[in-house]
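Have a look at the structure below, then the notes.
Whatever order the structure lists ligands and atoms in, that order sets their numbers, starting from 1. Quick note: residue numbers are just sequence positions, from 1. Because the structure is predicted, anything quoted here is derived from the model rather than measured.
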Amino acid sequence: MSIPTSCRALAFDPESTEFDLRELPMRPLRRGEILARVSLSAICGSDLHTIRGRRDPGGPIVLGHEICGTVAALGEGVEADSLGAPLGAGDRVTWGIAASCGRCFYCARGLPQKCARLFKYGHETIDGDTPLSGGFAEYCYLVPGTPVYRLSDGLSDRLAVFANCSLATMQAAVRMAQVTPGDGVLIQGAGLVGLCAAALCAHRGAEPVVLLDPREERIALAQDFGASHITDPGEAGDDLVSELHDATDGGRGFDVAIEACGAPSALRTGVEALRIGGTYLLAGCVYPGATAEIDLQRLTTRLLRLQGLHNYTPLDLQEALRFLEHGRHRFAFARVVREVFPLDQIAAALDLMESDPSVLRVALRP
Ligand SMILES: [Zn+2]
Ligand SMILES: [Zn+2]
């Protein structure tokens, strides 16, 4: 295909906090790149942080990193996806949230998600080398080092669109926390990230899986994502920790607790809810100044492990997609994307997402 000279893109200006639907110039493909026609891009919670001024992207930007699309053109040297499946124009694909170089200090040590030259979709400003790298545009350039996977016919755009952020990140969480059958898991926060964690833990045979969230609408959802016990932290008050212990085998506490709510105050409850030798995994506090106070004696004498999580590896996305193939029937993933809007209705999309607590995702179809 010949590449158009420009395409429609929603540029977000962090200074005015306004979106501007405009034409952005397109360039020829470079060696190793893929041009994707964006078919669906969901609005992630972290996009909302940027849009509402809680996070500075550093300049005007095309947001959107929960994406899937079709191959529009292949650059020189690209014939297959990251698993070796042949790629051609029109093939449906999703791709990793970030591209890594494969050669730097961190890439060489199995931490490609923290590559020194990390390129992150929906996070690069439009004055950079690749302005079209977000989902809120007709086209997205996939740079070399991006894990790209063909989507099976069984995974619709609505099902696949959140795999490369929420689901793959929580796949990394269950991997790093080593969730195994019979483990009791506490998940703090029933946003899409927490619900994905619940489904992944239930799929691995964890029992019980307990979700904590004060929102009634989310508690109703939790059961459809494999959570067997649900507690409202607001109602339980001071007795929460003992209630949580009571929910676990022998009252010992949870093997794993996953923080997926972004509230530093969750740390204390999470740590106190763990059994001796348990693991606390932090995933949500991705903003500056998220400080919390905990009793270090408890951490020390109960042999607890604290584990941070940010981004994920290509293998996590592969696993997430494999899980989705099977898990789409058992869990309520089909209900994740509530509504789809065109680019010029971004305001209506944001309004729906922020006004109804039962909405997990709305998406844009550029
Ligand atoms: Zn995201
Ligand atoms: Zn690297």
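Remark: the Gln178 side chain and the Thr279 side chain contain no N/O donor-acceptor pair separated by less than 3.5 Å.
Aromatic ring pairs are classed by plane angle as parallel below 30°, tilted from 30° to 60° and perpendicular above 60°; the pair Tyr121 and Trp95 is perpendicular. Using cut-offs of 30° and 60° for the angle between ring planes, the Phe333 and Phe225 rings count as perpendicular. Using cut-offs of 30° and 60° for the angle between ring planes, the His203 and Phe323 rings count as perpendicular.
The count of protein N, O or S atoms under 2.8 Å from the Zn ion (ligand 1) stands at 3, with waters excluded from the count.
A donor-acceptor pair under 3.5 Å is absent between the side-chain atoms of Tyr141 and the main chain of Met26, judged by distance alone.
Heavy-atom contacts from other residues, nucleotides or ligands closer than 6.0 Å to CZ of Phe341 number more than 12.
Taking the charged nitrogens against the carboxylate oxygens, Arg175 and Glu319 have no contact shorter than 4.0 Å, which rules out a salt bridge. We find that Asp183 and Arg204 are not joined by a salt bridge, their nearest charged nitrogen and carboxylate oxygen being 4.0 Å or further apart.
Relative to the six-membered ring of Tyr280, Arg305 misses at least one condition, a distance below 6.0 Å or an angle of at most 45° to the axis.
Within the protein, the N, O or S atoms sitting under 2.8 Å from the Zn ion (ligand 2) are Cys101 SG, Cys104 SG, Cys107 SG, Cys115 SG.
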